[in-house]
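What follows is a short report on a single structure.
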Amino acid sequence: MTESNIRYSAALIEPKWQAKWAEQKAFAAKPDPNREKFYALAMLPYPSGSLHMGHMRNYTLVDAVARYRRSKGYNVLHPMGWDAFGLPAENAAFERGVHPAEWTYRNIDNMRSEIKRVGISIDWDREFATCHPDYYKHQQKLFLEFLSEDLIYQKESVVNWDPVEMTVLANEQVEDGKGWRSGAPVERKIMNQWFFRITAFSESLLSAIEDQLDRWPAKVRTMQTNWIGKSQGAELTFQLVGRKDVLKIYTTRPDTIFGASFMGLSAGHPLAKEVAKAHPEVASFIKECEALGTSEAAIEKAEKKGVDTGLKAIHPVTGAEIPIWVANFILMDYGTGAIFACPAGDQRDLDFARKYGLPVYPIMEGSNGSGSEILDEAYTGDGKLINSDFLNGLSMSEGKARMIQWLEEKGAGNAITNYRLRDWGLSRQRYWGCPIPIVHCEICGAVPVPADQLPVTLPEDVAFDKPGNPLDHHPTWRHTSCPKCGNAAMRETDTMDTFVDSSWYFLRYCSPNASLEPLDGEAKYWMNVDQYVGGVEHAVLHLLYSRFFMRGMKQLGYVEQDEPFSGLFTQGMVTHETYQASDGSWLAPEEVRQVEGRWEDLDGNDVSVGPTIKMSKSKRNGVSPMDIIEAYGADAGRWFSLSDSPPERDFEWSEAGVEGAWRFTQRFYRLVQALIKGAKSGEVDVGNPALKGMHRLSNDVAAAIEDFAFNRAIAKTYEFINLAEKELASINPATRYEIVRRLLITVAPFIPHLAEELWEALGESGLVCKASWPEINEALLVDDSVTLPIQVNGKRRDQISVPKDMDTKQIEMLALQTEGVRRTLAGAEPSKIIVVPGRIINIVV
RNA sequence: GGCCCCUUGGCGGAAUUGGUAGACGCUGCGGACUUAAAAUCCGUUUCCUUUAUCGGAGUGCCGGUUCGAGUCCGGCAGGGGCUACCA
């Protein structure tokens with residue numbers, strides 16, 4: 001039927017159609033108030049040098065959505081740009097003497113051409129790089145506006161210092177006490193830093209997770225909820241014995257107040273520092289705590305330690321005197337940096353109390369009596385309060401409410417909401433970032449650069465011959481005059497965290513022509529991003545910062561909504577098997593082969609196959625997208641990366657898999673060529689099974705894409721291809737034409753080049769990427785007859801084929817007469833027959 | 001330690017949301033075509049029993065609800081993720 005020797009050459013047809021798309025600006029997006037818009041976006045890539053498989057998977061996913069939405073009639077915006085500031089460019093400069101700008105723009109050129117070779121339907125007219133002054137001048141303007149809205153402030157504070165990157169990191173960029181990129185243990189330093197007041201929006205950022213982000217993965221919503229870390233509690237004021245000042249503490253368990261046996265101060269607490277002056281033991285303990293830092297892995301194992309200050313606080317109810325200790329497990333930057341400790345109800349407090357022989361007062365008894373006696377385990381469950389004066393007999397929540405009421409009446413405390421979220425420190429001591437538009441004047445202090453003097457551009461003549469920030473070493477750049485008083489002044493040499501660049505870029509895509517303002521009117525039309533796709537590693541950092549920025553820009557009147565991304569999808573990683581030679585060295589996939597069930601290297605030495613893990617340079621298990629495109633074509637690569645796993649899961653790349661995809665593209669080409677050969681205009685045969693299958697396919701693929709279930713869409717396509725090959729001879733010429741036309745539009749989101757090529761072969765004018773999704777005839781989606789399985793006592797025994805609207809009584813009768821049922825019943829009387837129309841029959845004996 | 005998710009053939013995964021478990025693909029095996037190979041095509045691939053039928057078991061394990069459970073409920077085990085002294 002189809003001739004086995006017909007082949008198509010991806011190397012010929014793919015560049016041909018890529019050129020046509022570019023020529024005709026097929027994907028250029030223009031606002032059109034009469035059409036519904038759809039903003040599809042992949043997370044902004046860092047121009048590291050070349051595309052990797054993770055990019056290819058990401059962009060293919062978004063591209064399939066974008067192409068599908070276009071054919072569904074949406075006005076689609078699908079842009080691309082570059083997160084172009086960042087440390088690797090400086091490292092390249094340091095190591096190889098290339099200027100960061102040169103290195104970056106060269107990488108961008110390369111990666112742009114690679115993305116084009118994948119056939120991603122980008123509107124390239126909107127492209128930008130965040131390292132270009134045309135981009136960062138707007139960011140500087142936004143900085144000044146945020147500053148005047150009090151959403152940015154300057155503060156001397158303890159910061160996370162990465163000794164390898166020689167820069168400060170935000171809390172979100174410290175993982176397990178180590179720098180997120182360098183992996184170096186983070187040190188504590190006190191520095192003057194600029195901060196975004198992200199905490200101004202704590203409640204809004206939290207409540208919108210519930211109210212507005214219903215199209216976000218539950219996992220990401222949970223992570224952000226935890227990160228914001230809202231807790232309801234109380235702030236209590238303790239009088240101090242023999243002093244006029246008071247001690248404020250935060251607790252979520254005011255009901256445990258009668259179990260208080262000591263107070264705990266953080267080593268950074270002002271009261272602790274004051275005591276230290278006259279108390280060498282306290283002073284040396286504080287020093288010890290500071291030396292440890294917040295970061296050391298040792299903290300995990302670190303014992304609860306402390307020292308008695310000799311001061312005493314007065315219990316607000318009983319008047320008892322409670323000793324005040326400095327303890328190493330209390331954080332300065334959560335709550336007030338001080339606590340009252342109830343050892344019976346908190347494991348940390350209990351460990352501490354046991355170590356220093358402090359009393360333990362049981363205050364909560366569980367239903368089985370647990371909690372009334374405390375040994376080595378604190379009782380944290382609910383129950384009835386005991387030994388607690390007027391709280392006795394109340395539950396935890398009743399006790400909290402009653403105690404807060406009491407505190408408020410006596411003026412000794414009040415209910416308070418606390419968040420774990422901290423403000424976002426944005427200063428970085430690096431060259432390759434957006435300059436902070438501030439001038440430091442000895443007389444006027446920190447003075448904003450006036451808007452008409454923007455941008456503050458980076459100097460190009462910088463040296464990378466010594467570590468640290470080249471801006472500090474530049475002979476002239478930092479010297480300027482104060483915009484206010486005109487005296488000699490110094491520029492801020494810190495630059496902005498690169499996460500600032502990516503916190504509003506999705507808005508800038510909407511306004512490619514605005515040169516004076518960050519945004520023009522187009523943003524109102526395009527926002528929000530309808531479908532955002534990227535890796536889950538940005539669940540807290542980038543996605544939280546962007547949500548903050550959006551709120552700031554709303555406050556400034558740039559946008560109307562709080563949330564930037566209506567729909568979010570987080571894709572899984574691309575993985576590959578690992579290979580190891582006998583000496584333990586890693587081998588790349590192209591350096592090994594399988595011979596009769598065993599693996600060997602190209603010289604025939606044994607190779608052991610290791611676990612399948614994320615593609616990485618160190619394990620050498622990566623596969624280059626460009627090599628794949630060269631060998632099999634972009635369409636085959638796209639097809640494979642969509643076909644195998646659901647996109648939210650990790651995707652195992654294999655040579656056999658991509659070869660299978662390549663075979664499919666060839667088979668598809670052969671089948672469609674064969675169909676086209678016999679196609680002629682005439683009357684369509686509505687009853688043909690292949691035509692019905694085609695209608696069903698368009699319907700199923702549409703549903704699958706909207707569900708982000710590309711693997712299902714592809715399985716359905718295979719089913720149809722199998723059917724069409726079987727039915728080939730039965731399809732009349734007019735029906736062939738109809739099927740091919742529909743089929744090409746339906747698969748075009750996945751294999752766009754091949755679809756265009758065959759579209760042209762069919763004799764259609766224009767591009768398939770511009771064609772409308774096929775209208776579906778609902779009548780063709782249902783079969784006239786259905787096959788019903790028949791169960792006896794829940795076990796399948798036979799089946800019958802009946803007209804789809806057959807009467808229930810009649811179905812029962814037919815079912816009872818089937819051979820399988822009669823054999824199983826063996827004369828027994830059914831007690832009940834359940835007929836679910838169109839589904840199943842179950843006979844109960 | 002806390003919170004969350006996952007577990008279906010040799011493998012990736014389907015299953016109309018409580019209704020024929022294993023679609024579709026990959027791999028393997030058998031065969032056709034070919035001098036041969038490549039390519040292509042056909043068959044087969046959950047397990048047990050059987051020559052084949054007929055049958056039995058089966059979605060990590062134990063139990064429950066239901067005419068009917070991969071799907072719902074309770075418990076357990078294994079794997080993964082996030083977070084971590086947050087009072």
Side-chain angles (χ1 to χ4, degrees), chain A residues 1-7 175-177 217-223 225-227 229-231 233 249-253 256 264 266 294 299-300 302 304 327-331 333-342 345-349 351-352 418-422 536-537 539-540 594 597 612 639-640 643-646 649-652 654-661 663-664 666-667 670 700 703 709 711-722 725 787-799 820 823-824 830-834 836 838-845:
Chain A
M1 299 280 193
T2 61
E3 289 173 55
S4 65
N5 55 350
I6 298 179
R7 290 272 184 94
E175 293 166 356
D176 210 13
K219 187 165 73 166
V220 175
R221 302 190 333 164
T222 310
M223 283 167 70
T225 302
N226 293 342
W227 190 264
K230 179 177 183 171
S231 76
I249 65 95
Y250 172 74
T251 181
T252 56
R253 292 290 306 274
T256 64
S266 159
T294 51
I299 274 201
E300 262 174 59
K304 305 280 172 286
N328 65 349
F329 65 93
I330 297 158
L331 304 173
D333 43 8
Y334 185 77
T336 62
I339 61 160
F340 80 75
C342 171
D346 185 290
Q347 193 60 44
R348 292 157 305 179
D349 297 350
D351 293 346
F352 193 90
N418 221 328
Y419 299 90
R420 283 183 46 192
L421 186 66
R422 318 274 160 71
V536 75
E537 66 274 15
V540 181
Q594 198 172 14
T612 299
W639 186 259
F640 177 48
S643 68
D644 230 37
S645 306
R649 296 202 202 163
D650 285 355
F651 170 58
E652 190 180 337
S654 70
E655 318 312 311
V658 70
E659 257 170 59
R663 274 202 303 275
F664 166 78
Q666 296 295 348
R667 182 179 162 206
R670 279 195 303 274
D700 291 349
N711 55 324
R712 228 169 58 211
I714 281 175
K716 295 285 183 189
T717 307
Y718 274 111
E719 264 180 73
F720 172 76
I721 297 300
N722 290 342
E725 279 178 349
T787 302
L788 296 178
I790 308 167
Q791 299 180 332
V792 176
N793 287 335
K795 286 202 193 307
R796 186 177 170 283
R797 295 300 178 182
D798 214 322
Q799 60 180 39
R823 187 172 51 226
T824 315
S831 63
K832 194 173 171 188
I833 303 177
I834 294 150
V836 184
R839 286 264 184 275
I840 204 166
I841 303 155
N842 194 8
I843 299 168
V844 188
V845 184

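Fair warning: this is a prediction, and the values are worked out from it, not measured in the lab. In what follows, every chain begins at residue 1, and chains take the letters A, B, ... in the order their sequences are listed.
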Can you tell me the pairing partner of [N] across any strand shown, Watson-Crick or G-U wobble, with both distances under 3.5 angstrom?
| N | value |
| --- | --- |
| B:A87 | none |
| B:A32 | B:U40 |
| B:A77 | B:U7 |
| B:A69 | none |

**Q.** Mutual orientation of the aromatic rings belonging to A:Tyr250 and A:Tyr334 [parallel < 30°, tilted 30-60°, perpendicular > 60°]
**A.** perpendicular

Could you tell me the separation between the [atom1] atom of [X] and the [atom2] atom of [N], rounded to a whole number of Å?
| X | N | atom1 | atom2 | answer |
| --- | --- | --- | --- | --- |
| A:Phe664 | B:G12 | CZ | P | 23 Å |
| A:Ile714 | B:G13 | CD1 | C1' | 13 Å |
| A:Glu659 | B:U27 | CD | P | 8 Å |
| A:Lys304 | B:A87 | NZ | P | 14 Å |
| A:Arg712 | B:G12 | CZ | C1' | 16 Å |
| A:Tyr718 | B:C24 | OH | C1' | 8 Å |
| A:Phe720 | B:A14 | CZ | C1' | 20 Å |

Under 4.0 Å, counting only non-hydrogen atoms across every strand here, what does [X] touch: a base, just sugar-phosphate, or nothing?
| X | answer |
| --- | --- |
| A:Lys795 | sugar-phosphate |
| A:Arg221 | nothing |
| A:Asn842 | base |
| A:Val844 | sugar-phosphate |
| A:Ser643 | nothing |
| A:Ile330 | base |
| A:Gln791 | base |

Q | Side-chain-base donor-acceptor pair under 3.5 Å for A:Arg663 and B:C26 | A | no

Q. Do the side chain of A:Asp349 and the main chain of A:Cys342 share a donor and acceptor less than 3.5 angstrom apart?
A. yes

Q | First of A:Gln666 and A:Ala656 reached from the 5' end of RNA chain B, by closest nucleotide | A | A:Ala656

